[in-house]
Amino acid sequence: MKPLVLKGIRPYGEGEPVDVLVRDGVIEAVGSEIGSTVEGDAEAVDVRGMIALPGFVDLHTHLREPGREDTETIETGSVAAALGGYTAVFAMANTDPVADNAVIVEHVWRRGQEVGLVDVHPVGAVTVGLEGKRLAELGTMARSAANVRVFSDDGHCVDDPLIMRRALEYSTALDVVIAQHAEEPRLTVGAQAHEGEQAARLGLAGWPAVAEESIVARDCLLAAAAGARLHVCHVSTSGTADILRWAKARGTDVSAEVCPHHLLLDDARLATFDPVNKVNPPLRESDDVAALRQALADGTVDCVATDHAPHAPQDKDCEWSAARPGMLGLQTALSIVVETMVRPGLLDWRGVARVMSERPAEIAGLPDQGRPIAVGEPANLVLVDPDTTWTVRGAELASLADNTPYEGMELPAVIDTVLLRGEITVREGKVNR
Amino acid sequence: MKHLLATEGLDVGTATTILDTAERLKATLLGREVKKLPTLRGRTVITMFYENSTRTRVSFEIAGKWMSADVVNVSSGGSSVGKGESLRDTALTLAAAGADCVIVRHPASGAAHRLAGWLAEAGTSVVNAGDGTHEHPTQALLDAATLRERLSTVDGRKVVIVGDVLHSRVARSNVHLLSALGAEVVLVAPPTLLPAGVRSWPATVSHDLDAELPTADAVMMLRVQAERMHGGFFPSAREYSIHYGLNEKRLGLLPEHAAVLHPGPMLRGMEIASRVADSPSSVITEQVRNGVHVRMAVLYHLLAGEEEAA
């Protein structure tokens, strides 16, 4: 593989532009005018003015393979991820069949490697069939070729406190993390939308904030008692942020993610009854949006995860209660973080690197992701054009599905180039295969 | 007016025009042996009912027929719906078959709104005949017509709505319409049957029915659905009936002129005592009668709106 010289980039958007020399998947040199000093075989990539960040890591995607290859495959999802600036994604276990055994997780891992655009790390199910009754073989999945580091029944809450306690305890021997979809099912029977003024007016059965918060509080206590690590998926309420703040202050080993849609959208979106806005946990109130931005800025919420959830048109172009929850997220995540966090001054670009790459890599225990842009580090990089805007069109996104709530929105920041272990996966916003 | 989807946001002028037309239609048909007006001859009206209903479906069907429209009834049981066809495909099929107006009842809140979106290109009008726990606008209009008839006006009158507000599309539609028409609306229910954020509605909230009755001009009893009785929303049917049922003793607390309404179907002995339902204060039969005229008026304004009223 030819060495590359990335010309004129600004790591973390700071300081004067520099050149970065990449050879054999590693950053070999960083400095001004490196291009002229290396031997002639290096390929110069003109990316002047781009902001360089470590490649993004998504702890929460649904790639739908196996089972719903009509809506997304590991291949199409990998393309969407690469175009979104990702170099590693975690594929949730709620496939059909469920990723609750070594056979399925190894398939997902190998398929991701074959596609080769992004590392696809399978998330293993916590319980057999996501049924919340019996622990899945966490150890076997952890020691499989897929090297599973994150376990979750996402889509379902591990609601039985005894099963959750056992999962947390058991996980400590494996150095893995249990990621909880926090939703007390007894409080969300038939729930359709955030329980608040909007849903009440529209006659949509409520999904109360306390259904999330009560589980997060319980799990923080269980994790602390077990001496285990807990990760909270898609935090959606200001109350959850308060509980996380409290738990972290008392030393609980808990981390949390927030989804781009919960940073941008609120339940005013319900008024049209268009299920493109249906997601679980649901869009909350504007006060929650503000609190989540603050929590992400101050580190209470560690990172951004997409909860990328492709759905077929017939599962969205229907009446609200019949629609499946979820929205596409991989290709819009950075732009929404820029819109909601960078532009208002809540995060700088180093902060973006923290929440999109460094923290998620740490939480999942990926040694070669989320690393500094420095000599000797792996060349997993994303180059961002911060000044150009683009208009979201669902039909133009790489996913097989097109269920984006951002249709027609003009958003800032464009992913220009992505490197996975020194290989260009995206160049000028197009996938490189 | 293209569609009638909700009373929330329905402007007072339009609502008043519908009520005036309904009143005129009622007067026109009064005492006639042949109840048939030629107004909607050649127009096709299709009712799509995805929930069981007797009074609303029949009321719409009679309204259409008295206006000389061709009325076709589709129910979820005996149609392609039973074969798993989507709501969207069924709606597009009916529009393509020539429906000028589709009247829909559906268990999903917002179903009528979705239908209106899908049928925008076809130009078919949509009437919401009850969508989930959202709205039931023609019920509110017929209630307003009945109140106008009985109390001469809605403006300034106090209307007490009692019961399962949380799950009631009738309550939502009435709160918006009656308050827009100038009524003082009071909602009386146990806290478990009131929706989140109800305090922001154009209504006041109370848990004490006895305290509200002496100053009420009308009381509207909502049906308590059987599934709520076992859903833990209140301890027992007996306790509900004691606290929120309209019995004869409570009827005595009402001013003489006050009207008792019920959207039906009634659970006699539960939310309303049998003798109360049959008392002179009860306008329940009148509600049904006015329902036909109000729905005639709605169809008229949707399908022949540009012409002068009958």
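Worth knowing before you read on, the calculation uses all heavy atoms, side chains too, and leaves out hydrogens, waters and symmetry mates.
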Indicate the atoms forming the closest heavy-atom contact of [X] with [Y], along with that distance.
X        : Y        : result
A/Ser321 : B/Ala108 : OG-CB, 3.2 Å
A/Asp317 : B/Arg88  : OD2-NE, 3.1 Å
A/Gly203 : B/Thr133 : O-OG1, 2.5 Å

Query - Heavy-atom contact with chain A under 4.5 Å, split by part of B/Glu8 - result: side chain

**Report entry** Contact origin within B/His106 toward chain A - heavy atom pairs under 4.5 Å
**Finding:** side chain

Query raised in the report: Are A/Asp274 and B/Arg114 close enough, and set up right, to give a side-chain contact (heavy atoms from CB on, under 4.5 Å), and what steps lead you there?
Result: CA-CA 7 Å; A/Asp274 185 345; B/Arg114 296 291 285 158; 3.8 Å; yes

Query raised in the report: Rounded to the nearest 0.5 Å, what separation is found between the CZ atom of A/Arg201 and the OG atom of B/Ser109?
Result: 12.5 Å

Query raised in the report: Hey, what do you get for CZ (B/Arg199) to CD (A/Glu197), rounding to the nearest 0.5 Å?
Result: 12.0 Å

Report summary line: Among B/Arg169, B/His167, B/Arg172, B/His113, the residue with the most heavy-atom pairs under 4.5 Å to chain A is B/Arg172

Requested in this report: Flag yes if more than 12 heavy atoms outside B/Arg223 fall under 6.0 Å of its CZ atom; otherwise flag no.
Outcome: yes

Query raised in the report: Is atom CG of B/Asp11 surrounded by more than 12 heavy atoms (other residues, nucleotides or ligands) closer than 6.0 Å?
Result: yes

